[in-house]
Q: 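Next up is a structure, given as structure tokens.
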Amino acid sequence: MPSTDGLSNTNTVAKYPFDDLEGDVILRSNDGISFFIHKAVLRLASPFFKAMFTLPTEATAMQEKLEISLVFQSKKIARSYMSFFHDKYDMAGVIQHIRAYQEFIEQHCIRVYAVAVRYNFKMLVRMAAKATLKLPVDQFTPVPEFSQITGAAVFNLYAYLSSARTLRKR
């Protein structure tokens, strides 16, 4: 039986980069495609979503995924719409926010490093790694975000820090 609200009864997960099941917002097209996206991406890319996410909802109160049904004629149109937000955030938005949060990066460089590695933000990986050089040795401790990246990535940071400190001593 066809859906009376114009939305398909079947649900298919969209392709990369909208297939991250950790996304806390699910945007659905009318042909049943589910786009998993992080609320932070939408909030930073769109004043509409920024305002929307300031309103309390049952999903935010219960820390569940927020599902939003958008009426698009097809998954192709929905994907183009979502790509606009994703691309805007990934490119210009990241660079702008990196510059704006330099102090944050320096204060939380180990955590920022781990998150940047996880999401493959190479420029941010380098910035955070460089910021670790300013830390006293006793403040260089493991962070919970290390569980989200490989041991090789953690080792690379320790090796970088050790190598740079050895060169400084010479």
Side-chain angles (χ1 to χ4, degrees), residues 13-27 34-57 59-68 79 81-170:
V13 175
K15 293 181 182 172
Y16 179 85
F18 307 108
D19 59 348
D20 181 359
L21 300 181
E22 291 182 15
D24 48 0
V25 176
I26 305 168
L27 300 172
S34 297
F35 294 82
F36 289 81
I37 193 161
H38 293 273
K39 192 183 295 184
V41 171
L42 293 171
R43 188 181 303 126
L44 289 169
S46 165
F48 169 79
F49 282 110
K50 183 176 184 176
M52 183 177 144
F53 294 139
T54 61
L55 301 172
T57 67
T60 55
M62 299 183 333
Q63 297 299 314
E64 295 177 1
K65 290 186 189 307
L66 177 62
E67 294 188 33
I68 303 170
R79 186 172 185 78
Y81 182 74
M82 291 298 101
S83 291
F84 170 77
F85 290 129
H86 197 270
D87 292 346
K88 180 179 176 182
Y89 176 72
D90 276 349
M91 301 303 216
V94 169
I95 293 169
Q96 178 185 5
H97 290 287
I98 287 171
R99 290 186 180 131
Y101 294 107
Q102 182 65 38
E103 185 176 318
F104 178 85
I105 292 168
E106 290 178 3
Q107 291 175 354
H108 304 281
C109 53
I110 300 170
R111 296 183 114 155
V112 171
Y113 171 84
V115 172
V117 166
R118 179 172 184 211
Y119 292 104
N120 200 27
F121 293 140
K122 292 178 183 175
M123 185 172 86
L124 188 53
V125 168
R126 287 190 295 272
M127 290 176 70
K130 186 175 180 181
T132 64
L133 298 174
K134 297 177 184 176
L135 286 179
V137 175
D138 63 333
Q139 287 185 10
F140 193 82
T141 57
V143 294
E145 290 81 2
F146 277 173
S147 68
Q148 303 286 319
I149 61 176
T150 66
V154 175
F155 176 80
N156 288 342
L157 180 60
Y158 280 100
Y160 169 77
L161 186 60
S162 176
S163 174
R165 289 193 172 156
T166 300
L167 289 173
R168 277 188 182 171
K169 291 179 182 179
R170 289 185 184 175

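In this chain, numbering begins with 1 at the start of the sequence shown.
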Q: Using the test side chain to side chain contact (heavy atoms under 4.5 Å, CB included), find all partners of Thr166 that sit at least two apart in sequence or belong to another chain.
A: Ser162, Arg170
Q: Strictly distance-based, threshold 3.5 Å: is any side-chain N or O of Asp24 a donor or acceptor partner for the main-chain N or O of Lys39?
A: yes
Q: Search all heavy atoms of Leu133 against all heavy atoms of Ala164 and return the closest pair with its distance.
A: CD2-CB, 3.3 Å
Q: Return the set of residues passing side chain to side chain contact (heavy atoms under 4.5 Å, CB included) with Asn156 (not counting sequence neighbours), or none when no residue passes.
A: Tyr113
Q: Is the shortest side-chain heavy-atom distance between Met127 and Val125 below 4.5 Å?
A: no
Q: Given side chains that start at C-beta, do those of Lys134 and Glu106 come closer than 4.5 Å, heavy atoms only?
A: yes
Q: Determine whether Arg165 and Leu161 make a side-chain contact, defined as any pair of heavy atoms from C-beta on separated by less than 4.5 Å.
A: yes
Q: Between Ser34 and Ile26, what is the shortest heavy-atom contact and its length?
A: CB-CG2, 3.8 Å
Q: What is the minimum heavy-atom distance between Ala128 and Val112, and which atoms define it?
A: CB-CG1, 3.9 Å
Q: Scan for ring pair (Phe, Tyr, Trp, His ring centres under 6.0 Å) pairs involving residues 126-163, sequence neighbours excluded, and state none if there are none.
A: Phe140-Tyr158
Q: Check whether any side-chain heavy atom of Pro144 sits under 4.5 Å from a side-chain heavy atom of Arg111, and report yes or no.
A: yes
Q: Give, for atom CG of Leu135 and atom CD of Gln107, the distance between the pair rounded to the nearest 0.5 Å.
A: 11.0 Å
Q: So which heavy atom on Ala131 is nearest to which on Ile105, and how close?
A: CB-O, 4.3 Å
Q: At what distance, to the nearest 0.5 angstrom, does CG of Leu157 lie from SG of Cys109?
A: 8.0 Å
Q: Looking at Phe18 and Val13, what are the two nearest heavy atoms and their distance?
A: O-CG1, 4.3 Å
